[in-house]
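A quick write-up on the structure given underneath.
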Amino acid sequence: MGVPEPVRTDPFPENRREDDAGAAFVLESKGEWWHAGFHLTTAIVGPTVLTLPYAFRGLGWALGFICLTVMGLVAFYSYYLMSLVLDHCEKSGRRHIRFRELAADVLGSGWMFYFVIFIQTAVNTGISIGAILLAGECLQIMYSELSPHGPLKLYHFIAMVTVIMICLSQFPSFHSLRHINLASLFLSLGYTFLVVGACIRAGTSKNAPPRDYSLETSHLSRLFSAFTSISIIAAIFGNGILPEIQATLAPPATGKMLKGLMLCYSVILVTFYSASVSGYWVFGNKSNSNILKSLMPDEGPSLAPTWVLGLAIVFILLQLFAIGLVYSQVAYEIMEKNSADVNKAVFSLRNLIPRIILRTLYMTLCGFFAAMLPFFGDINGVVGAVGFIPLDFVLPMLLYNMTFKPKKSSITFWVNTSIMVIFSCAGLLGSFSSIRKLVLDANKFKLFSSDVVD
């Protein structure tokens, strides 16, 4: 029999739950496992799935399949390990509802608290910006079909989306998004099936584009493209907010997250593989960072029925609102923790007015940067390398090893250590290659451009 772990005191006595408005109002713990599954699916299965053919073009068929499968398995394993660490802490009387507190507690380092909050906030804000940018682009696509020479530009549509996001941001808690995120799950299945059907139709039609699956001729360019693609796939599988999602579960949360993960991965299995295979099969190394653009080329006829593409764009647009809301929760929790009074009702004037002001300012800033920096494809790679790889593929392994202390001779220890080393190196190389692509694309960039740079 092993020696029982001594009961540890709360490392954050200043963050007592009864005085914590961020916990009480934003991360309230009322959900069931299927609610966590809805939140996870919205956080992972988004329109970025339509970027997978673009990621495949830097890897090719074989390596693309291998990377997609390995990344998915490692991500599932990583999330499962993190849920075990959270369960372990809860059983010890220290339920952590924030990633930063979990990391600082387990690793016993104050700087880790600030490292996680910096990376997590940067990633979540980047995704909120990306959601607004893509939603604006969806509106622009619909507008250009109805009025090809209309005067409205991309930033006009981004402003419209921002106003809608400001209104939706007033949902007080993560748990209050559960019905929105259930709808988001069905929307992701809907537009994936529509796009896959459109790709199959395009690939079998007489106007099918010529297929070329060759990689870049330069070995150096091929290497950089491969690591950029790996970073994009990491970003697609990443979420960076699993502790906050698990925080929405009604206690005890033990074992519930695994069920939520299984629900999420059943959707991933259907959407990720069908979108990547069908898109890359049709367009090969000409795949756009948004496969919808490949189906609607600037020159020549559309490769799919207008109603199919239009419906897919509407589904994507609606889901982007849900994604923007989910990834804003960490920022809202930080705001609420410092601005709200837990002794007052959630909708009291004392708490309502600061919430409206702060969330409006946050969404306005996200909308401003979305309009100013339309670099979706390249930013996706940078976010994956700099943010999701350390948060979702390195830290969970380290947290598990530090918490459960597997023997150094055990398979678990070496698997976890190998994943940490491999993904740390991939993250560094991916960061370099993604930033390199940003620099190379800089000559295409214009402030408040009406075109999203691939």
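Position 1 is the first residue of the sequence, and the numbers go up from there.
Partners of Met142 by side-chain contact (heavy atoms from CB on, under 4.5 Å), not counting sequence neighbours, listed by chain and number: Leu139, Ile313, Val314, Leu317. Annotation: ring-ring contact (aromatic ring centres under 6.0 Å, His included) contacts of Phe65 (sequence neighbours excluded): Phe56. Residues meeting the side-chain contact (heavy atoms from CB on, under 4.5 Å) test with Asn338, sequence neighbours left out: Ile334. Contacts of Glu90 classified as side-chain hydrogen bond (donor to acceptor under 3.5 Å, both in side chains), with partners at least two apart in sequence or in another chain: none. Partners of Tyr362 by ring-ring contact (aromatic ring centres under 6.0 Å, His included), not counting sequence neighbours, listed by chain and number: Tyr332. Remark: Ser184 pairs with Thr42, Gln319 by the side-chain hydrogen bond (donor to acceptor under 3.5 Å, both in side chains) rule, at least two apart or across chains. When the salt bridge (charged side-chain N to carboxylate O under 4.0 Å, His left out) test is applied to Arg178, no partner is found at least two apart in sequence or on another chain. Residues satisfying the side-chain contact (heavy atoms from CB on, under 4.5 Å) test with Val267, not counting sequence neighbours, are Thr41, Val45, Leu185, Ser188, Leu189, Thr271. In terms of the side-chain contact (heavy atoms from CB on, under 4.5 Å) criterion, residue partners of Ile164 (sequence neighbours excluded) are, by chain and number, Leu168, Phe321. Taking the ring-ring contact (aromatic ring centres under 6.0 Å, His included) definition, one finds that Tyr265 meets it with Phe76, sequence neighbours left out. When the ring-ring contact (aromatic ring centres under 6.0 Å, His included) test is applied to Phe315, no partner is found at least two apart in sequence or on another chain.
Residue Leu133 comes nearest to Ala370 through the heavy atom pair CD1-O, 3.6 Å, listed as atom of the first residue, atom of the second, then distance.
Note that Arg359 lies outside the cation-pi zone of Phe171, set by a 6.0 Å cut-off to the ring centre and a 45° limit from the axis.
Summarising the geometry, atom CG belonging to Asn288 is positioned 8.5 Å from atom OH belonging to Tyr54; distances are rounded to the nearest 0.5 Å. Taking SG of Cys167 as the start and CD1 of Ile356 as the end, the distance is 10.0 Å to the nearest 0.5 Å. The distance from the CG atom of Leu84 to the OH atom of Tyr400 is 6.5 Å, given to the nearest 0.5 Å. Of the inter-residue distances, the one linking Ser173 atom OG with Gln329 atom CD reads 7.5 Å to the nearest 0.5 angstrom.
Trp414 contributes a side-chain N or O that, together with a main-chain N or O of Lys408, makes up a donor-acceptor pair within less than 3.5 Å. Judged purely by atom type and a 3.5 angstrom limit, Thr162 has no side-chain atom pairing as donor or acceptor with the backbone of Thr364. A donor-acceptor pair under 3.5 Å is formed between the side chain of Ser424 and the backbone N or O of Met420. Judged by distance alone, the side chain of Ser169 and the main-chain N or O of Ile166 form a donor-acceptor pair under 3.5 Å. In this structure a side-chain-to-backbone donor-acceptor pair under 3.5 Å is present from Tyr327 to Ala43.
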Before giving the answer on side-chain contact (heavy atoms from CB on, under 4.5 Å), spell out for Thr192 and Phe272 the whole-Å C-alpha distance, their side-chain angles and the decisive distance to 0.1 Å. CA-CA 9 Å; Thr192 300; Phe272 281 31; over 6 Å; no
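Side-chain contact between Phe193 and Val270 is present, with heavy atoms from C-beta onward closer than 4.5 Å. You'll find the side chain of Leu194 reaches within 4.5 Å of the side chain of Leu311, heavy atoms only.
Within a 6.0 Å radius of CZ in Phe413, more than 12 heavy atoms belonging to other residues, nucleotides or ligands are found.
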Contacts under 3.5 angstrom, residues 235-255 side chains, donor-acceptor by atom type, not counting sequence neighbours:
from, atom 1, to, atom 2, distance (Å)
Asn239, OD1, Ile241, N, 2.8
Asn239, OD1, Leu242, N, 3.1
Asn239, ND2, Tyr79, OH, 3.2
Glu244, OE1, Gln120, NE2, 3.2
Glu244, OE2, Phe99, N, 3.0
Glu244, OE2, Gln120, NE2, 3.3
Gln246, NE2, Asp87, OD1, 3.0
Thr248, OG1, Ile245, O, 2.6

